Protein chains: 2
Amino acid sequence: MATGRTHRPATRSRGIPEATVARLPLYLRALTALSERSVPTVSSEELAAAAGVNSAKLRKDFSYLGSYGTRGVGYDVEYLVYQISRELGLTQDWPVVIVGIGNLGAALANYGGFASRGFRVAALIDADPAMAGKPVAGIPVQHSDDLEKIIQDNGVSIGVIATPAGAAQPVCDRLVAAGVTSILNFAPTVLTVPDGVDVRKVDLSIELQILAFHEQRKAGEEHPDGAAPPAAAREESDESADQGPDGDVPAVMPA
Amino acid sequence: MATGRTHRPATRSRGIPEATVARLPLYLRALTALSERSVPTVSSEELAAAAGVNSAKLRKDFSYLGSYGTRGVGYDVEYLVYQISRELGLTQDWPVVIVGIGNLGAALANYGGFASRGFRVAALIDADPAMAGKPVAGIPVQHSDDLEKIIQDNGVSIGVIATPAGAAQPVCDRLVAAGVTSILNFAPTVLTVPDGVDVRKVDLSIELQILAFHEQRKAGEEHPDGAAPPAAAREESDESADQGPDGDVPAVMPA
DNA sequence: CCATCTTTGTGCACGCGTTCACAAAGACAT
DNA sequence: ATGTCTTTGTGAACGCGTGCACAAAGATGG
């Protein structure tokens, strides 16, 4: 759930509902774990439990992909892994570039989950000349002057933006102009892109604020009168929210 | 987007729909930017554009909070900033702990958006004894043996998990037992928690897979016959998806 | 070959979220 | 004070997503 969702409204892609697509990676992860334990088949009930969803929902999700189960038995794990991988497009190689190699960009570059799912870090790009040539996660950082060339030479269609907020839109524009059609945005900004380009947004600050809302609600239920939390955060401040301009601060990066 | 959403089904909290709560931080960010530019009032149309949403949706969202606008004029920026901050619980101090100080945990610790929204990093916790005492982002890392004491001494109710997947559930259990009731999970695992505990999930791998799905779809529309992408990723592989066990790999961490 | 038992696949109903479209409300000028 | 003009706030319709509940399908045993 991280999630914020800057996305097309509800253009269900080829009959598969967006909500289902979002769950397929979840199923895939659970199935991969079963596959590693050499489990041959799994029932919708078991798999649903492993993925943390309702079994009816899971069966309906799979029904959009086709009838891959056997009644009275369940689903063949290996076959399902293959079908979902194929549906998600993970049976092909996806070169990605990461733009903005700060704390977060470096963490992403080191992410192990990339390669194991068909994603390959084709290049790391940063605007700081001092970073150029320096290896991060074994890959030398390249300067953003060469962004267009890098995109084209590597046939990159997926870009990850981990820059400060102020740089995000310009970088996005350049990525799109160079041919990128899917963007994962970690910068705390609303990106404007032309039709046909997909943007997904990951925003730590938003997730925390949503948690705070529910946390406050829980606290408020115990003390119906108002603000004071149970045993947690005391020192109720009046004006702590509008102190700092963080609009120009990267998603995860030294302030 | 990003987000995966492990969350309560649809228990709308005190009449404010979950979908609205998820958008409030977006509005708040746009309003903060306006406030810094000393813009006194803003119309629903303008603000909606800045936040990247429909203006009708924005007005309906605000209507759940109360009637804070003036017809014919718009909304008072400062007043709205305050109201949304209060609604989200950002007018109080929220101490948070980050567990798992790897690449990602360190990046989160350095995140500038924390303090500016009322969140305060109360402690960094890691299981590696070699990390203990070492300062990250100016805060000394503490060993996980002291987790319970740290939580209680600081009155922490929000925890961030950035550990490898295998460690996530045990850490989660300990956090919950110590009194944490909201968890932001970066580990690629489904966390099981008792009722009353909120979990939000951020999963990079899932976001990328969703993008890959749409990317493949776009490519497939141009070449109706099948798999070959337009100019991007060539070298179509058959078996690249089920190679690596990444079920035990942290969200963002060296494999 | 038939009966039984398990598990899938899905028709259906319900509720949340989104969007349209408009009446009500207030600002502002005359 | 009255009329006009702008913008909010919301009633209503629609569509997507979810979950129930059950019939159909196949496995398995006698």
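On a predicted model such as this, the values are computed, not experimentally measured, just so you know.
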A.B. asks: Please report the distance, rounded to the nearest Å, between CZ in F62(B) and P in dG17(C).
C.D. replies: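 Rounded to the whole Å, the gap is 17 Å.
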A.B. asks: Specify the residue among D61(A) and S67(B) whose closest nucleotide of DNA chain D lies further upstream toward the 5′ end.
C.D. replies: S67(B)
A.B. asks: Mind listing the closest non-hydrogen atom pair of G159(B) and V180(B) along with its distance?
C.D. replies: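 Taking G159(B) first and V180(B) second, the nearest heavy atoms are N-CG1, 3.7 Å.
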A.B. asks: Whole-Å distance between dG9(C) P and L47(A) CG?
C.D. replies: 12 Å
A.B. asks: Give the rounded distance in Å between these two atoms: OH of Y68(B) and P of dG26(C).
C.D. replies: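 My rounded result for the distance is 16 Å.
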A.B. asks: Between G72(A) and A19(A), which residue's closest nucleotide on DNA chain D lies nearer the 5′ terminus?
C.D. replies: A19(A)
A.B. asks: Measure the shortest side-chain to side-chain distance between K218(A) and D198(B) over non-hydrogen atoms and say whether it is less than 4.5 angstrom.
C.D. replies: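 Touching, per the 4.5 Å side-chain cut-off.
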A.B. asks: Heavy atoms under 4.0 Å, any strand shown: does Y75(B) hit a base, just sugar-phosphate, or nothing?
C.D. replies: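 Sugar-phosphate: the residue Y75(B), judged by heavy atoms under 4.0 Å, touches backbone atoms but no base.
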A.B. asks: Measure from NZ on K57(B) to P on dT7(D) and round the result to the nearest Å.
C.D. replies: 22 Å
A.B. asks: Using distance alone, with no hydrogens and no angle criterion, decide if D76(A) and T41(A) have a side-chain donor and acceptor under 3.5 Å apart.
C.D. replies: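 Per modelled atom types, D76(A) and T41(A) side chains form no pair under 3.5 Å.
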A.B. asks: Polar atoms only, N or O, under 3.5 Å: list the protein pairs with nucleotides 12-14 of chain D and their distances.
C.D. replies:
residue, atom, partner, partner atom, Å
dA12(D), N6, K60(B), NZ, 3.0

A.B. asks: Judged by modelled atom types alone, do T181(A) and E215(B) share a side-chain donor-acceptor pair under 3.5 Å?
C.D. replies: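 Judged by distance alone, the side chains do pair up.
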A.B. asks: Do E36(A) and T32(A) meet the criterion of a side-chain donor-acceptor pair at a distance under 3.5 Å?
C.D. replies: no
A.B. asks: Assess the side chains of Y82(B) and E78(B): does a donor N or O sit below 3.5 Å from an acceptor N or O?
C.D. replies: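 Result is no, nothing qualifies.
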A.B. asks: Using a cut-off of less than 4.0 Å, is there contact between a side-chain N or O of S44(A) and OP1 or OP2 of dT8(C)?
C.D. replies: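 Result: yes.
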A.B. asks: If you check every side-chain atom of N54(B), which of dG9(C), dG17(D), dT19(C) has the closest atom?
C.D. replies: dT19(C)
A.B. asks: Between L58(B) (CG) and dT7(D) (C1'), how many Å, whole number?
C.D. replies: 13 Å
A.B. asks: If you assign V73(A) and R23(B) each to the DNA chain C nucleotide with the nearest heavy atom, which residue ends up on the more 5' nucleotide?
C.D. replies: V73(A)
A.B. asks: Any donor-acceptor pair under 3.5 Å joining the side chain of R71(A) to the base of dT7(C)?
C.D. replies: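 For R71(A), whose side chain was compared with the base of dT7(C), there is no donor-acceptor pair (under 3.5 Å).
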A.B. asks: Could you work out which one of dT8(C), dG17(D), dT18(C) sits closest to the side chain of P17(A)?
C.D. replies: dG17(D)
A.B. asks: Measure the distance from CD on E46(B) to P on dT6(D) and round it to the nearest whole Å.
C.D. replies: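 For the pair E46(B) CD and dT6(D) P, the rounded distance is 14 Å.
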A.B. asks: Report yes or no: do R86(B) and T91(B) form a side-chain donor-acceptor pair below 3.5 Å?
C.D. replies: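 The answer is no; no qualifying pair exists.
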A.B. asks: Taking CG from L65(B) and C1' from dG9(D), how many angstroms apart are they, rounded to a whole number?
C.D. replies: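 Result: 13 Å.
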A.B. asks: Nearest-Å distance, CZ (R59(A)) to P (dA21(D))?
C.D. replies: 13 Å
